[in-house]
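Letters go in sequence order (proteins before strands), and every chain restarts at 1.
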There are 2 protein chains.
Amino acid sequence: MDGKLEILIAKLQEASSKADLQNAVFLLRDHYDVDHVVYHSVNQSREPYAALTYGEDWVGRYLEKDYARIDPVVQGCYQKFRPVDWKQLDWSGKAARSFLGEAISAGVGNQGLSVPIRGPNGQFALFTVSAKAADDSWQRFTSDHLSDLLLVSHFMNQKALEFDDAEDRTISRQLSPREVDALSLLANGQSRGQASETLGISEHTLRVYIEAARLKLGAQNTTHAVALALSHGLIIL
Amino acid sequence: MDGKLEILIAKLQEASSKADLQNAVFLLRDHYDVDHVVYHSVNQSREPYAALTYGEDWVGRYLEKDYARIDPVVQGCYQKFRPVDWKQLDWSGKAARSFLGEAISAGVGNQGLSVPIRGPNGQFALFTVSAKAADDSWQRFTSDHLSDLLLVSHFMNQKALEFDDAEDRTISRQLSPREVDALSLLANGQSRGQASETLGISEHTLRVYIEAARLKLGAQNTTHAVALALSHGLIIL
DNA sequence: ATTTCCCTCCCCAGAAATGGCGAGGCCGAA
DNA sequence: TTCGGCCTCGCCATTTCTGGGGAGGGAAAT
């Protein structure tokens with residue numbers, strides 16, 4: 001990690017508004033001499049957030065067409081832990097190829113590296129660097145700066161969460177152990193009858209737990225409660 | 001990042017077995033001159049994995065008593081994105097305090113920093129460094145090595161996933177767009193009736209999607225299917 | 001010591017989900 | 001072109017879940 005980047009990261013950690021993050025991606029783009037630097041959250045229920053160097057037209061089209069659903073970068077990164085080079089992704093499929101063509105003509109660049117970032121409560125975001133480059137020089141670039149990009153993506157997301165989590169998204173009350181047991185068993189496919197048997201309690205008691213958990217989570221129904229508990233990390237499959 | 005650590009990370013990336021990871025935590029402990037270095041996955045349904053420098057007695061007791069459920073480190077890290085200093089955690093509560101006492105007498109150390117790590121499919125792991133130290137010197141240590149620890153935790157988890165995911169946990173077939181729609185709406189708390197209305201299709205058609213998705217996922221019921229889809233990243237809440 | 005959770009149990013009736021039967025059209029791949 | 005997958009619709013019977021009542025004991029926190 002060279003000194004210049006340390007300064008950029010320090011600046012990032014001092015960021016006090018979303019505008020500072022927007023500024024940071026431009027600084028990063030210039031620092032690495034790439035075409036684009038993009039940080040964006042990938043979530044449906046919460047309000048989306050992004051700090052990026054793409055043009056407004058491409059961003060608008062991406063959102064309008066809901067490209068996140070077919071974008072192989074998003075889909076692929078969701079399945080992986082380590083940073084993903086765009087070349088490694090599956091670009092077969094009609095939708096993916098036409099999307100790729102459109103992206104390239106929008107000036108996104110033919111090469112890209114995307115870092116998946118996962119936060120609490122099911123948060124998922126991507127930090128991406130993209131450029132127009134030959135395969136070998138791009139490979140050199142990514143392996144040289146992998147650690148840097150990991151750190152930048154981490155601090156970028158940390159800041160984004162700070163600004164975003166102002167509107168508290170955290171669960172007010174924790175679930176009781178029994179409530180966790182109940183939702184866990186349901187999430188693992190057991191019916192209420194099976195789950196109550198597993199726990200050695202009456203089915204009614206199990207229902208009380210589910211209902212209590214449902215209220216705490218503000219869920220509409222059992223499936224919703226399980227989904228919320230899962231994505232909030234309150235239960236683990 | 002000094003050269004010594006770069007070598008350790010390079011060694012880590014060359015690791016070819018779980019024994020290498022076990023070895024790595026000892027190297028890291030010596031390198032940082034701390035009391036303990038711990039990497040462990042925190043998952044219920046999948047087989048747990050850990051590479052750590054704790055004594056067997058403490059590990060055994062931790063597992064036996066299922067301390068992960070009350071350990072404020074685990075509980076706290078679940079809710080946070082940035083590394084957590086143990087001092088910041090909530091140690092009130094009877095169970096937490098008695099656990100803390102037991103941990104300290106087991107030689108864990110009074111200071112600790114834990115890095116939450118999240119992987120795909122709901123994976124969650126912790127990378128922890130702990131020592132017996134005064135507050136100020138510990139603070140200096142953690143702020144000096146924060147970036148290092150972030151990188152180490154990342155590569156450690158990457159390796160752990162490589163070894164663990166040998167037994168393929170991936171879904172065989174992808175879900176169709178409509179199936180994704182259906183499960184997404186259910187995961188967001190809509191009933192079948194509401195969801196079918198949202199999509200502008202008959203309730204029966206929606207049922208067909210749910211059923212198809214359920215079969216593809218090998219789920220027992222709708223809630224199970226939603227849970228599987230969520231934790232496999234096929235749908236996003 | 002009082003309150004506030006948590007755990008446990010019971011009954012009932014209406015709403016919703018499930019499982020299995022069937023059918024047709026469309027599109028892309030082999 | 002034929003096969004498989006996807007999207008769309010309908011009906012019926014059974015099981016399961018949901019939402020509303022209550023009720024008691026225990027542990028922990030303020």
Let me know the distance between [atom1] of [X] and [atom2] of [N], rounded to the nearest Å.
{"X": "Leu186(A)", "N": "dC17(D)", "atom1": "CG", "atom2": "P", "result": "8 Å"}
{"X": "Leu175(B)", "N": "dC6(D)", "atom1": "CG", "atom2": "P", "result": "9 Å"}
{"X": "Leu206(A)", "N": "dC17(D)", "atom1": "CG", "atom2": "C1'", "result": "12 Å"}
{"X": "Glu179(A)", "N": "dC5(C)", "atom1": "CD", "atom2": "P", "result": "12 Å"}
{"X": "Ile210(A)", "N": "dC9(C)", "atom1": "CD1", "atom2": "C1'", "result": "15 Å"}
{"X": "Gln190(B)", "N": "dA16(C)", "atom1": "CD", "atom2": "P", "result": "14 Å"}
{"X": "Asp181(A)", "N": "dT8(C)", "atom1": "CG", "atom2": "C1'", "result": "14 Å"}
{"X": "Glu197(B)", "N": "dT8(D)", "atom1": "CD", "atom2": "P", "result": "15 Å"}

From C-beta outward on [X], which listed nucleotide comes closest to its side chain: [options]?
{"X": "Thr205(B)", "options": "dA17(C), dT8(D), dC9(C)", "result": "dT8(D)"}
{"X": "Arg178(B)", "options": "dC9(D), dC6(D), dC7(D)", "result": "dC7(D)"}
{"X": "Tyr209(A)", "options": "dC9(D), dC17(D), dC7(C)", "result": "dC7(C)"}
{"X": "Ile201(A)", "options": "dT8(C), dA17(C), dT8(D)", "result": "dT8(C)"}

**Partners passing side chain to side chain contact (heavy atoms under 4.5 Å, CB included) against Leu52(A) (at least two apart in sequence or in another chain)** = Val38(A), Ala50(A), Tyr54(A), Val59(A)
**Asked** Is there a donor-acceptor contact under 3.5 Å from the side chain of Gln75(B) to the main chain of Asp90(B)?
**Response**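 Pair absent, no side-chain N/O of Gln75(B) close to backbone of Asp90(B).
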**Asked** Phosphate oxygens OP1/OP2 of dC6(C): is one of them under 4.0 Å from a side-chain N or O of Lys216(A)?
**Response** yes
**Message:** Just N and O in the side chain of Ser202(A): are any of them under 4.0 Å from OP1 or OP2 of dC9(C)?
**Reply:**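 Result: yes.
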**Fill in**
Contacts of Ser176(B) and Ser191(A) projected onto DNA chain D by closest heavy atom; the upstream (5') one is Ser176(B)
**Prompt:** What string of B, S and - do you get for nucleotides 19-28 of chain D, 5' to 3', when a contact is any protein heavy atom under 4.0 Å?
**Reply:** BBB------S
**Asked** Using a distance-only test with no angle check, is there a side-chain donor-acceptor pair under 3.5 angstrom linking Thr198(A) and Gln190(A)?
**Response**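 There is such a pair between these side chains.
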**Message:** I'd like to know if the side chain of Trp138(A) pairs up with that of Asp85(A) as donor and acceptor (distance under 3.5 Å, no hydrogens or angles considered).
**Reply:** yes
**Item:** Heavy-atom closest contact (Ile117(A) atom, Leu126(A) atom, distance)
**Value:** CD1-C, 4.4 Å
**Request:** Show the numbers, then the answer: is there a salt bridge (Lys or Arg N to Asp or Glu O under 4.0 Å) between Glu179(B) and Arg214(B)?
**Result:** CA-CA 9 Å; Glu179(B) 287 156 5; Arg214(B) 197 178 64 75; over 6 Å; no
**Asked** Any side-chain hydrogen bond (donor to acceptor under 3.5 Å, both in side chains) pairs touching residues 217-227 of chain A, not counting sequence neighbours?
**Response** Thr223(A)-Thr223(B)
